[in-house]
Amino acid sequence: QAKAAGRDRYRRYDPDLHARQQARHEIAWALPQALARGELFVEYQPMVRADDGRLHGVEALARWRHPRLGLVAPAQFIPVAEEHGMIGAVGRFVLRTACAQAGTWHTRHPGRRLIMSVNLAPAQTDDPALPVLVAGLLAQHGIDPAMLQLEITESSMMPTAGPALDTLRALARLGVRIAIDDFGTGYANLTNLRSLPVHHLKIPRQFVTAPVDEFAERVDCALVDTVVRLARSLGLGVIAEGVESQAQATLLRRLGCDVFQGYVYGKPQSPDAIEARLSASPGRAP
Ligand code: C2E
Ligand code: MG
Ligand code: MG
Ligand code: MG
């Protein structure tokens, strides 16, 4: 009883909780206008090859600059967009922007074969119209399908049948690459790896960032090692996220990761910054 009363009081008077709820409401209310007003934009984070350090591609990441709230993190507005049925519109914006950008880079830097990686929310992979949209964008911007990578979450591969699997198979038939983002942090139905056209597994930052102690370090190594072995035996590539130091890169390279992404190779950045990189070092990541 006292506990319940305490919890109730906590609920009612916690200023942080109140502020968080307020922020969620504000985000849900402002998001529909954000698209129309051009407040959403996309940044691109470099991915480099583990063997020679060359630029492998970029991951497109959604950004929102609200006139009063400032920069709103995707961790804040993507879940709200999903909850309020707006993720389709946000996702289409990111996909269109990223494909237009990929078309521009492929035209300006022919032969670079830069991969453009775009995140898909589960609601998008449930949408049977997605392959038509993607096919249209590939054609419109003259993009080699193999240069587009779509990052799905483990929950997109949960159903053993249904729209998500059909959509993913249709996407794969277009020739685009499919990567599973943050592999090992969700509830994947691993048997679906058999029937799903997956090309890469992305190792999440949680397995990679500086571990707190020796045991955690051993666990992280074991997790990365396990994902790499699974990928190898299935013929899939491995991308490690959240690489923040050369020491981590050395370890991840030894464990067999093919591609690195992380602050040590560049934060998410403007198209101009990526363009400068492409022009400054033809064929090579600086
Ligand atoms: P994600 O797809 O796993 O993207 C990687 C996140 O890790 C990005 O955060 C990136 O900025 C961050 N990151 C990369 N390297 C490092 C590093 O070395 N250290 C640290 N501490 N962080 C690093 P971001 O941009 O805040 O995005 C967070 C998540 O929001 C993404 O995780 C993704 O799940 C979601 N998201 C972002 N854009 C989109 C989108 O267009 N559509 C969908 N559905 N989700 C998106
Ligand atoms: Mg991602
Ligand atoms: Mg993620
Ligand atoms: Mg990730």
Side-chain angles (χ1 to χ4, degrees), residues 27 31 34-35 39-48 56-65 70-102 115-127 130 133-134 137 148-156 164 177-186 188 198-211 223-224 227 238-249 252 257 259-270 273-274:
I27 286 168
L31 195 49
L35 278 160
E39 292 167 13
L40 291 190
F41 60 104
V42 178
E43 285 191 326
Y44 302 89
Q45 185 175 31
M47 295 185 283
V48 307
H56 168 77
V58 294
E59 177 174 2
L61 293 157
R63 298 289 180 259
W64 178 13
R65 189 178 286 108
L71 265 183
V72 186
Q76 282 183 278
F77 71 82
I78 295 286
V80 175
E82 290 185 304
E83 201 178 306
H84 288 80
M86 291 184 278
I87 193 65
V90 172
R92 278 190 298 276
F93 168 78
V94 175
L95 203 50
R96 286 201 185 99
T97 307
C99 286
Q101 188 61 66
I115 301 283
M116 176 61 77
S117 199
V118 181
N119 294 283
L120 293 183
Q124 290 180 276
T125 52
D126 281 343
D127 179 3
L130 183 68
L133 173 68
V134 171
L137 289 170
L148 180 64
Q149 172 171 281
L150 299 173
E151 300 189 10
I152 66 169
T153 67
E154 279 173 299
S155 42
S156 286
R177 306 296 176 93
I178 291 174
I180 302 179
D181 205 355
D182 303 317
F183 185 80
T185 59
V198 171
H199 304 87
H200 281 92
L201 303 181
K202 288 193 85 167
I203 293 182
R205 190 165 83 232
Q206 293 93 308
F207 293 4
V208 173
T209 39
L223 292 174
V224 172
V227 176
V238 179
I239 303 167
E241 281 190 328
V243 185
E244 294 184 347
S245 71
Q246 289 299 341
Q248 286 173 340
L252 291 163
C257 297
V259 175
F260 296 149
Q261 181 181 348
Y263 291 172
V264 74
Y265 301 105
K267 292 196 169 182
Q269 49 200 267
S270 70
I274 299 288

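In listed order, ligands and their atoms are each counted from 1.
Nearest residue to atom 26 (O) of ligand 1 from A81, G266, P74, A75 is P74 (criterion: closest heavy atom). The heavy atom nearest to atom 6 (C) of ligand 1, considering only R205, K202, E241, is found in R205.
Counting atoms of ligand 1 from 1 in the listed order, those under 4.0 Å from a heavy atom of A121 are 44 (N). Numbered from 1 in the order shown, with element, the atoms of ligand 1 that lie under 4.0 Å from a heavy atom of D181 read 1 (P), 2 (O), 3 (O). Near Q45, meaning under 4.0 Å from any of its heavy atoms, are these atoms of ligand 1: 10 (C), 14 (C), 15 (N). Taking every non-hydrogen atom of D182 and a distance limit under 4.0 Å, the qualifying atoms of ligand 1 come out as 3 (O). Here is the list of ligand 1 atoms found below 4.0 Å of a heavy atom in E244: 17 (C), 18 (O), 19 (N), 20 (C), 21 (N). Of all atoms in ligand 1, numbered sequentially from 1 with element shown, those under 4.0 Å from a heavy atom of V94 are 41 (O).
Take the N/O/S atoms of E151: the one nearest the Mg ion (ligand 2) is OE1. Closest approach between the Mg ion (ligand 4) and any N/O/S atom of D181 involves OD1. If you look at E59 and ask which of its N, O or S atoms sits nearest the Mg ion (ligand 2), the answer is OE2. With respect to the Mg ion (ligand 4), D182 has OD1 as its nearest N, O or S atom.
Not a single heavy atom of A73 sits closer than 4.0 Å to an atom of ligand 1. Assignment of P268 to the shell around ligand 1 is supported, since a heavy atom sits closer than 4.0 Å. Residue E59 places a heavy atom under 4.0 Å from ligand 1.
For the pairing with E59, the side chain to side chain contact (heavy atoms under 4.5 Å, CB included) check across E241, Q149, M116 returns one residue only, E241.
Using a 3.5 Å distance cut-off with no hydrogens or angles, the side chains of Q261 and Q45 do pair a donor with an acceptor.
Between the Mg ion (ligand 2) and S117 there is no N/O/S contact shorter than 2.8 Å.
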